Amino acid sequence: MKQNKTIHVISVVTLVTLFAKLLGIVRESLQARAFGTLAAADLYTTANNTTIYLFTTAAYALCIAAVPILTPRLRRSRKEGYTAASNLITISVLLSAAVAAVWIALTFLPSFAELLWDGPAEEGARLAGYMRAMVLTLPVIVLTYLLVALFQSLEHFVLQGSMSIPYNLALIAFLAVFAGRWGVGGYVAAVALAWLLQLGMTVPCSLRERYRYRPVLDLRADYVRTFFKTALVTVLTTSVFLFCYLQDSAMTSQLAGSPVSAFYYADKLFTPLTTTLVYSISTVLFPRFSEKFSQQDRSAYLRYIWGMLRGTLLLILPMSAILAVFGTPVVRVLFEGGSFDAASTASTGGIFTIYALSMAGFCALDLLSRAYYTMGRTLPPLLVNGGILLCNRGLNGLLGPRWGGAGLAAATALSITLGGIVMAALFLRGAGGVRLAPLVKSAAAALLSGGALWLLTGAVLDGGEGKLLLVVKCVGMGAAAAALYVVLLLFTRQEDFREMLSCYRKRSE
């Protein structure tokens with residue numbers, strides 16, 4: 001894939017994904033207004049965290065594991081690739097259906113809900129009912145993501161970003177029209193049914209590529225063991241923030257004054273904003289990593305990945321600084337209203353602000369983990385991400401009792417950032433000629449821009465603005481901070497930024 005074409009594809013994928021994520025934020029905003037951060041919302045959050053959130057994590061890992069298996073087979077023969085895809089789908093869907101059946105049976109045990117919810121028995125029964133409805137989505141989610149893997153292998157990169165668009169639109173319509181009448185229970189059913197819309201988004205690709213699922217069950221195929229081994233490792237390495245968030249949510253239920261749903265809404269802002277750019281880049285470039293690895297020696301490949309990471313951080317670092325400064329105003333504009341009051345805004349905004357500081361670490365972990373997968377090495381990412389979870393658990397116990405929800409969020413931000421640094425240090429051993437100066441310049445420019453923005457915010461925002469005026473002020477100040485960041489990059493002659501400008505000029509000519 002030529003560089004100009006690669007940039008164009010990444011841009012399209014990013015825009016489509018951003019649109020889908022923005023719809024998701026609108027959905028979460030309406031959900032916040034409808035249900036707030038009261039017990040009913042916490043029941044939904046707990047049910048969602050322990051079912052659909054985990055299912056999408058596992059299914060996304062299956063998607064990543066399937067791509068390197070299907071891509072070479074599809075290049076050799078469509079028939080061979082389609083047979084392998086059908087086999088993986090059959091095995092995975094049957095396994096997921098068995099897991100779902102066991103999960104539903106467990107929800108009927110009185111002690112099951114008690115493990116997840118410390119509240120009245122009536123609320124525990126409602127939680128179990130919500131979980132039973134959501135567990136039914138597991139086979140659908142698995143099937144959807146394996147079809148995404150198949151069509152990504154055929155270079156349908158936009159599918160993953162676009163498939164949640166009808167899902168979000170349907171749930172937005174439900175929240176706008178039916179939330180007051182049917183409540184949280186009705187919303188749970190709507191969420192489960194809306195997953196069929198995501199599955200339906202794969203139909204046009206199936207028709208275009210003339211793929212028809214034909215039942216195949218071959219457990220002895222040479223790729224099956226590799227598929228599940230890679231998927232098991234990938235569950236942890238691609239979802240470390242999710243597991244940190246789940247640790248935070250579990251511990252916050254034991255702390256007074258820290259509602260679980262405050263972490264839920266903070267995560268629903270942080271994850272889409274962070275993953276939009278990072279996942280768009282990695283989705284397009286992941287197949288190219290294999291090409292570079294096969295064409296270059298190890299040290300050259302390591303330097304290539306390091307250059308890609310620096311270029312991505314060039315964009316991520318100022319985003320992190322701006323979002324950290326505007327954490328509470330963003331939450332106020334998007335969520336405050338109805339049952340989501342000023343106290344909810346303050347608790348959610350504080351957590352989101354701290355989470356935003358971990359964006360660079362999140363980015364480094366994702367790109368470097370995929371680079372390791374290309375090299376056939378899964379142990380370093382597994383160990384680093386396992387260490388992050390242990391670190392987060394330890395810091396939660398240290399900081400949570402002292403600072404409440406803010407302490408738990410700080411523990412996650414510190415753990416993710418330290419993990420990214422450790423992963424980069426391990427990855428670059430033996431690379432030779434690694435250039436740290438460009439990254440230092442980017443970090444310094446982002447820090448100075450964020451600090452200036454923080455000082456300006458204190459002088460400009462008085463807390464009494466309406467939402468429209470708040471948006472106008474924040475957009476203006478954010479643009480000024482971004483301009484300052486660019487000026488600082490030009491002043492320090494930051495190498496990656498100058499190269500990016502050079503590529504843009506050549507494309508314009």
Side-chain angles (χ1 to χ4, degrees), residues 1 9 13 16-17 20 55-96 137-164 167 195 198-218 221-239 275 278-291 366 369-370 373-374 376 378:
M1 191 182 296
V9 172
V13 173
V16 172
T17 304
F55 298 161
T56 52
T57 299
Y60 182 62
L62 294 177
C63 175
I64 293 177
V67 169
I69 291 173
L70 298 178
T71 300
R73 287 170 172 80
L74 288 166
R75 289 177 179 173
R76 289 196 297 265
S77 165
R78 283 292 179 97
K79 182 179 179 181
E80 180 184 358
Y82 286 171
T83 299
S86 295
N87 189 36
L88 293 179
I89 288 173
T90 301
I91 295 171
S92 301
V93 170
L94 289 176
L95 181 60
S96 65
T137 63
L138 177 54
V140 177
I141 294 172
V142 168
L143 174 58
T144 301
Y145 272 94
L146 284 176
L147 287 172
V148 168
L150 170 61
F151 298 125
Q152 274 188 4
S153 301
L154 294 169
E155 299 191 357
H156 291 280
F157 298 119
V158 177
L159 175 60
Q160 184 173 328
S162 65
M163 69 180 186
S164 62
Y167 170 89
W195 262 97
Q198 299 214 46
L199 177 60
M201 287 293 288
T202 65
V203 172
C205 292
S206 297
L207 296 175
R208 192 176 309 148
E209 300 296 343
R210 298 182 180 179
Y211 170 72
R212 301 292 183 273
Y213 168 75
R214 292 180 175 82
V216 179
L217 184 59
D218 183 7
D222 58 357
Y223 52 80
V224 172
R225 183 177 178 181
T226 301
F227 171 69
F228 284 106
K229 178 183 176 181
T230 305
L232 287 173
V233 174
T234 306
V235 165
L236 177 61
T237 57
T238 62
S239 307
T275 58
V278 175
Y279 285 179
S280 297
I281 292 173
S282 59
T283 295
V284 177
L285 293 183
F286 189 25
R288 195 176 182 186
F289 285 1
S290 299
E291 178 184 347
D366 182 76
S369 292
R370 292 173 189 258
Y373 300 152
T374 301
T378 56

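The shown structure was predicted, so the numbers you read here are calculated from the model rather than taken from an experiment.
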Option passing side-chain contact (heavy atoms from CB on, under 4.5 Å) with Val140 (candidates Thr144, Val142, Leu143, Leu138): Thr144
Can you tell if the side chain of Met163 reaches within under 4.5 Å of the side chain of Val158, non-hydrogen atoms only? no
Begin with the C-alpha distance, continue with both residues' side-chain angles, and end with the deciding distance and a verdict on side chain to side chain contact (heavy atoms under 4.5 Å, CB included) for Tyr60 and Gln160. CA-CA 10 Å; Tyr60 182 62; Gln160 184 173 328; 3.2 Å; yes
Write down the atom of Ser96, the atom of Pro139, and the distance for their closest heavy-atom approach. OG-CA, 3.3 Å
So, for Asp218 and Ile91, which heavy atoms are closest and what is the spacing to 0.1 Å? O-CD1, 4.1 Å
Does Phe151 reach the side chain of Arg208, with side-chain heavy atoms less than 4.5 Å apart? no
Closest non-hydrogen contact found for Cys63 with Gln152 is SG-OE1, 4.3 Å
Can you give me the closest heavy-atom contact between Ile141 and Ala59, atom names plus distance? CG2-CB, 3.6 Å
Going through the distances and angles, do Arg78 and Leu154 end up as a side chain to side chain contact (heavy atoms under 4.5 Å, CB included)? CA-CA 10 Å; Arg78 283 292 179 97; Leu154 294 169; 3.7 Å; yes
Hey, is the main chain of Leu159 close enough, under 3.5 Å, to the side chain of Ser162 for a donor-acceptor pair? yes
Is Arg76 atom CZ crowded by more than 12 heavy atoms from other residues, nucleotides or ligands, each under 6.0 Å away? yes
What's the separation between atom CG in Leu62 and atom OG1 in Thr57, rounded to the nearest 0.5 Å? 11.0 Å
Where do Ala231 and Ala61 come nearest, in terms of heavy atoms and distance? O-CB, 3.6 Å
What one should report as the nearest heavy-atom pair of Ser86 and Arg214 is CB-O, 3.3 Å
Would you call the rings of Trp195 and Tyr145 parallel, tilted or perpendicular, where under 30° means parallel and over 60° means perpendicular? tilted
Could you give me the CA-CA distance, side-chain angles and deciding distance for Glu209 and His156, then say whether side chain to side chain contact (heavy atoms under 4.5 Å, CB included) is met? CA-CA 10 Å; Glu209 300 296 343; His156 291 280; 2.6 Å; yes
Given 3.5 Å as the limit, does a donor-acceptor pair link the side chain of Thr90 with the main chain of Val216, or not? yes
Would you give the length of the straight line joining atom CG of Leu207 to atom OG1 of Thr202, rounded to the nearest 0.5 angstrom? 9.5 Å
Quick one, Leu70 and Tyr223 - any side-chain contact, counting heavy atoms below 4.5 Å? no
Look at the side chain of Ser369 and the backbone N and O of Asp366, then say whether any donor-acceptor pair between them is shorter than 3.5 Å. no
Please report the C-alpha distance between Tyr213 and Leu150 in whole Å, then the side-chain angles of each, then the deciding distance to 0.1 Å, and finally whether the side chain to side chain contact (heavy atoms under 4.5 Å, CB included) criterion is met. CA-CA 11 Å; Tyr213 168 75; Leu150 170 61; over 6 Å; no
May I ask you to check whether over 12 heavy atoms, not counting those of Arg225, lie within 6.0 Å of atom CZ? no
Do Asn87 and Phe227 come close enough that some side-chain heavy atom pair is under 4.5 Å? no
Taking the side chain as C-beta and beyond, is there a heavy-atom pair between Tyr211 and Cys205 under 4.5 Å? no
